[in-house]
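Report on the structure given below.
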Number of protein chains: 2
Amino acid sequence: MGNNQKIGSTEEKILEAAKKVFIQKGMYGARMQEIANEAGINKALLHYYFRSKDQLFEAIFQEAFTEFIPKAFSVFHSKKPFEEKLKLFVSNYIDVLTANSYLPIFMLNEINQNPDRLGHMVNMMGIVRDKVSVELKINEEEGRYRAMDTVQLLSLVIGMTLFPYLAKPIIKGAFSLDNETFHAFLEERKILIPEIILNYLKIKN
Amino acid sequence: MGNNQKIGSTEEKILEAAKKVFIQKGMYGARMQEIANEAGINKALLHYYFRSKDQLFEAIFQEAFTEFIPKAFSVFHSKKPFEEKLKLFVSNYIDVLTANSYLPIFMLNEINQNPDRLGHMVNMMGIVRDKVSVELKINEEEGRYRAMDTVQLLSLVIGMTLFPYLAKPIIKGAFSLDNETFHAFLEERKILIPEIILNYLKIKN
DNA sequence: TTTAATTTTGACCAAATGGTTAAATCAAAT
DNA sequence: ATTTGATTTAACCATTTGGTCAAAATTAAA
């Protein structure tokens, strides 16, 4: 089998179909038959390429993990000033999320149901925290920022940014937003969220 | 059957067990047999009290909906000044969430998988939005607050408050917080979140 | 062209699962 | 004590579901 997955190959069709069904229905709600139908192939082929439902799921889950998350947090490894990093992160994160709208709730749910899946993410987030900590410290010591806990900061920013995707049906339903309005609503947050955070962090003279 | 569910009654034992299992495993992952075991009764009894898995699930889901959500948003119906309402909401919401730590991800996930379940919530959130809108408008017109979209404000506050519960395993894992530290982390947000929002809203002289 | 290896399929299977039923037990009323 | 109605149980049932297998079809190698 190997790693040579040319585009349009059976393996890729399966992964595409599995991603769609797993994300929509979750690990338990997904049916192997439905994935096979979605991929336009025989159910036995699923087991030929991926031994079991668990292994197929794992493949999807890990792919999301190793592609999606690092992409979102890559900014923090750059050498830009913190203020710019923050703005870029939110903007970039929103774009990545918009392109993978249903991933977050899926991932969060699966992690909650089986925290073992966390794996590498722990390390990566730890690194991000350490980097941000250093920058906050510098800005604090130079009298520009007030003191603030890094974990609080990160979880506030991520929470604000992520929430609309997790609660998409609720927000759209409760506030009767059509697709266009919802999208504008998301775009506005690229500016709003950093503004709110920086407004709080920065010490006024 | 009726509504007279004395404590310790079979019906209540079932609901308790079902809540536990459904919240942990979700609609598809939950097994009727496991619910029966958890309640210490025969599986057929589940079908005697609640005709089907769907109906049992619906009972759990609606209970969470009609008890949990209104409790969290009740503050907005009071006559306190907006600033106090905001503080009380966050503090109250955090307490309710702490006591029902696994409900949010469960509800959000089930709504995402079947948005029809939204039901009444739509109306209630609409009312909250309208009430907040009026208060923001007054404060804006009297020169105390800057202009801000109500839906943005609400979703920012809710997002910040809710996120730690949705990502509890991630936050605890990635930042190595023990239960005690995590709880302190949550408590701190009762003050932090209103502070950040009001700091942004209020116009400085 | 033959041969060998790989990919794909249809038919099938055992286990799990939601649900049913008829009998047994229990509580209340007569 | 007997009857009546609700509650509980064990044994079953039909269907669904993940998974297997041998054979067919296709592709690659000789």
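Here is how names work: the chains are called A, B, and so on, in the same order as the sequence lines, proteins then strands, and each is numbered from 1. All values below were derived from every heavy atom in this structure, side-chain atoms included, with hydrogens, water molecules and symmetry-related copies excluded.
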Of the listed D/dG18, D/dT9, C/dT9, the closest approach to the A/H47 side chain comes from D/dG18

Could you tell me which residues satisfy ring pair (Phe, Tyr, Trp, His ring centres under 6.0 Å) with A/Y200, sequence neighbours excluded, listed by chain and number?
none

Is there a side-chain contact between B/F175 and B/I170, using heavy atoms and a 4.5 Å cut-off?
no

Quick one: A/Q55 CD to D/dG18 P, roughly how many Å, whole number?
15 Å

Over 60° means perpendicular and under 30° means parallel, so classify the ring planes of B/F57 and B/F61, tilted if in between.
parallel

Less than 4.0 Å between a side-chain N and a carboxylate O, is that true for B/R146 and B/E140?
no

If I take atom CD1 in residue B/I41 and atom C1' in nucleotide D/dA10, what distance separates them, rounded to the nearest angstrom?
14 Å

OH of A/Y49 versus C1' of D/dG19: gap in Å, rounded?
18 Å

Between CG of A/D54 and C1' of D/dG19 the distance, given in whole Å, is 12 Å

N/O contacts under 3.5 Å, protein versus nucleotides 21-29 of chain D?
none

Would you kindly say whether A/S78 and A/K85 are connected by a side-chain donor-acceptor distance under 3.5 Å?
no

Salt-bridged, A/K172 to A/D178, with N to O below 4.0 Å?
no

Value rounded to 0.5 Å, distance of OG1 in A/T161 from CG in A/L166
11.0 Å

Using heavy atoms and a sub-4.0 Å distance, could you list which residues of residues 18-37 of chain B are near DNA chain D? By number, please.
none

Distance, rounded to the nearest Å, where B/I14 contributes CD1 and D/dT7 contributes C1'
11 Å

Could you check how far CZ of A/F50 sits from C1' of D/dG19, rounded to whole Å?
16 Å

Test your reading of the model: is there a side-chain donor-acceptor pair from B/Q152 to the backbone of A/F185, 3.5 Å cut-off?
yes

Using a cut-off of less than 4.0 Å, is there contact between a side-chain N or O of A/N42 and OP1 or OP2 of C/dG10?
yes

Polar pair under 3.5 Å, donor/acceptor by atom type, side chain A/K43, base D/dG18
yes

How long is the line joining CZ of A/F57 and P of D/dG18, in whole Å?
13 Å

Decide ring pair (Phe, Tyr, Trp, His ring centres under 6.0 Å) for A/F106 and A/Y102; before the verdict, give the C-alpha distance in whole Å, the side-chain angles of both, and the deciding distance to 0.1 Å.
CA-CA 7 Å; A/F106 164 74; A/Y102 288 102; over 10 Å; no

At under 4.0 Å, does any side-chain N or O of A/Y48 touch on OP1 or OP2 of C/dT9?
no

Using atom CG of B/L45 as one end and atom P of D/dT8 as the other, report the distance to the nearest whole Å.
5 Å

Reckon B/T10 has a side-chain N or O less than 4.0 Å from the OP1 or OP2 of D/dT8?
yes

